Amino acid sequence: MAQDDLVIDPWGSAQSTDYDRIIEQFGLTSMDGVSLSNPSKLHRRGIVFAHRDVDQVVEAQRTGSPFGVLTGLMPSGQMHLGHSMVVEQAKWFQHHGGDVTIAVADLESQATRGVSLSKGREVALQEYISHYAALGLDPEKTSVYFQSTRPIVQRLGFQLGKRTNLSELEAIYGFGGETNLAHVQAPLVQVGDILHPQLDDYGGLRPIVVPVGVDQDPHLRLTRGLASKTNWFNLRESSSNGLLISLSVHDENAEVFGQLPNGRVDKSRVAAVFDLVVDAVASLGFSDILSSPKQGHVHVPSATGRDKHALRLAMLRLERTLGGPGLLAPASTYHHFAVGMTGDKMSSSKPKTTLFLRDDVGTVEKKIKRAFSGGQPTVEEHRRLGGNPDIDVAYQYMMYFFEEDDAYLGELNAAFRSGSLLAGEMKQLCIERATSWMSELHEMRDQTAHFVDRFLAEDSR
Ligand code: TRP
């Protein structure tokens with residue numbers, strides 16, 4: 001690993017905000033090229049800035065095919081504004097046809113933060129899910145579960161664990177000899193969280209998108225790698241034209257793929273598998289299909305990059321009928337972090353750096369008044385030099401959380417930059433927006449309190 005390579009530690013307090021570098025080093029794709037219908041304010045404002053494979057979800061939205069959203073929460077501490085960003089995104093995906101699954105990471109919280117399972121349950125329901133309800137998630141299309149009471153997520157993690165090793169975890173997370181094994185187990189359970197919604201008992205094969213902050217990307221890299229390693233069929237671009245499908249032979253499928261224990265190959269078995277591949281491809285409407293068991297691939301010359309996703313799904317479906325897990329690597333989206341109110345990082349353990357969703361209106365007002373300002377030290381200088389909205393907490397919080405109207409926000413931005421809008425005035429505007437947003441949230445919380453239970457999956461009641 002090169003000296004200056006970034007390692008993201010999902011449990012650490014350091015937070016890299018060098019987003020261009022993160023995109024480049026970890027192979028994320030910028031959201032710039034993705035066109036969403038009806039984007040939310042987080043999308044319109046570039047706050048959701050990068051993704052992996054989100055096209056498959058956009059495609060599902062467009063065609064009305066099923067897709068799911070998976071997110072998780074750590075039941076510890078109080079829920080704050082930063083936490084609301086994934087809820088906002090889950091709600092948006094839900095509004096556009098997705099089903100939502102929410103993992104309560106009670107095992108992770110117990111192992112890495114010393115929160116007991118019963119305390120974790122209480123915190124999850126009273127502090128998090130009650131706010132998820134108040135923020136407008138639809139209980140009919142949302143299913144909340146606990147890691148501790150859904151054995152399949154632990155089992156999946158255990159099973160997939162054999163496809164990675166300590167060196168890989170060292171490279172992804174920066175682990176070393178002193179690393180506590182809870183930090184090895186937690187990511188594997190999270191892999192189970194992320195992959196299990198596509199199992200037949202939990203909604204079946206469909207794209208799953210995981211909206212996260214970049215601190216969680218290591219888990220996605222691990223999950224995507226593990227899912228791909230289980231695949232029975234490979235899909236790749238042909239050097240001439242179209243796509244090539246080949247078999248990926250390993251322990252679990254050797255027999256099905258006609259690889260005999262004595263090292264010989266059952267040719268008729270291989271031919272039968274190739275026929276199944278051809279049938280699956282034909283059922284998508286392709287007519288020009290060149291099957292070549294000898295060369296080890298099926299060539300679909302007329303397939304383009306756009307067909308890749310449908311072909312991959314078809315191969316995973318086929319894999320499942322042959323007895324394989326048929327796991328699709330999850331998609332993910334990444335959001336920028338809102339700056340903490342003090343100008344440093346937002347943190348639940350430092351109440352001055354954020355607004356908790358239970359803060360009363362008086363506290364909200366006080367915190368915003370004291371928040372870090374992008375204005376100049378004196379009014380005279382501010383009028384002359386203008387302020388910087390990019391670091392002004394009041395402006396930033398309206399942009400991230402409280403103000404829906406882009407045009408109005410644009411006016412505020414310009415007025416602040418030119419110096420005609422003063423820092424104190426910006427704070428006052430933010431206070432008005434924030435206090436009405438908060439009062440509305442609190443009112444909704446009271447109104448939705450009686451149906452928080454409806455969010456719980458059957459294994460979690
Ligand atoms: N590790 C996450 C956190 O620290 C919680 C979590 C558990 C999670 N499972 C997840 C997040 C699956 C996203 C997807 O907050």
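Predicted model only: the values in this text are computed from it and were never measured. FYI, side chains are in, hydrogens and waters are out, and symmetry mates aren't considered; it's all heavy atoms of this structure. Just follow the structure's listing: the first ligand is 1, and inside any ligand the first atom is 1.
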Exercise. Look up atom CZ in Arg445 and atom NE2 in His131, then write down how far apart they are to the nearest 0.5 Å.
Key: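 Result: 4.0 Å between the selected atoms.
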Quiz item: Tell me the side-chain hydrogen bond (donor to acceptor under 3.5 Å, both in side chains) pairs involving residues 318-328, sequence neighbours left out?
Solution: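 Listed once each, the pairs are Asp200-Arg320.
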Practice problem: For Tyr395 and Phe416, indicate whether the former's side chain and the latter's backbone hold a donor-acceptor pair under 3.5 Å. | Solution: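 No, because the side chain of Tyr395 does not come within donor-acceptor range (under 3.5 Å) of the backbone of Phe416.
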Quiz item: Does the Gln94 side chain pair with the main chain of Lys141, one donor and one acceptor, at a distance under 3.5 Å?
Solution: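 Yes.
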Within the protein, flag every N or O under 3.5 Å from an N or O of ligand 1, and note the pair and distance.
residue: ligand 1; atom: 1 (N); partner: Glu108; partner atom: OE1; Å: 2.9
residue: ligand 1; atom: 1 (N); partner: Glu108; partner atom: OE2; Å: 3.4
residue: ligand 1; atom: 1 (N); partner: Gln190; partner atom: OE1; Å: 2.9
residue: ligand 1; atom: 1 (N); partner: Gln216; partner atom: OE1; Å: 3.2
residue: ligand 1; atom: 9 (N); partner: Asp193; partner atom: OD2; Å: 2.8

In a table with atom names and distances, give each donor-acceptor pair under 3.5 Å that connects a side chain of residues 182-193 to protein atoms at least two apart or in another chain.
residue: Gln190; atom: NE2; partner: Gln216; partner atom: OE1; Å: 3.1
residue: Asp193; atom: OD1; partner: Tyr145; partner atom: OH; Å: 2.5
residue: Asp193; atom: OD2; partner: Gln147; partner atom: NE2; Å: 2.7

Check: residues 305-315 side-chain donor-acceptor pairs under 3.5 Å, at least two apart:
residue: Asp307; atom: OD2; partner: Thr304; partner atom: N; Å: 2.8
residue: Asp307; atom: OD2; partner: Thr304; partner atom: OG1; Å: 3.4
residue: Lys308; atom: NZ; partner: Glu237; partner atom: OE2; Å: 3.2

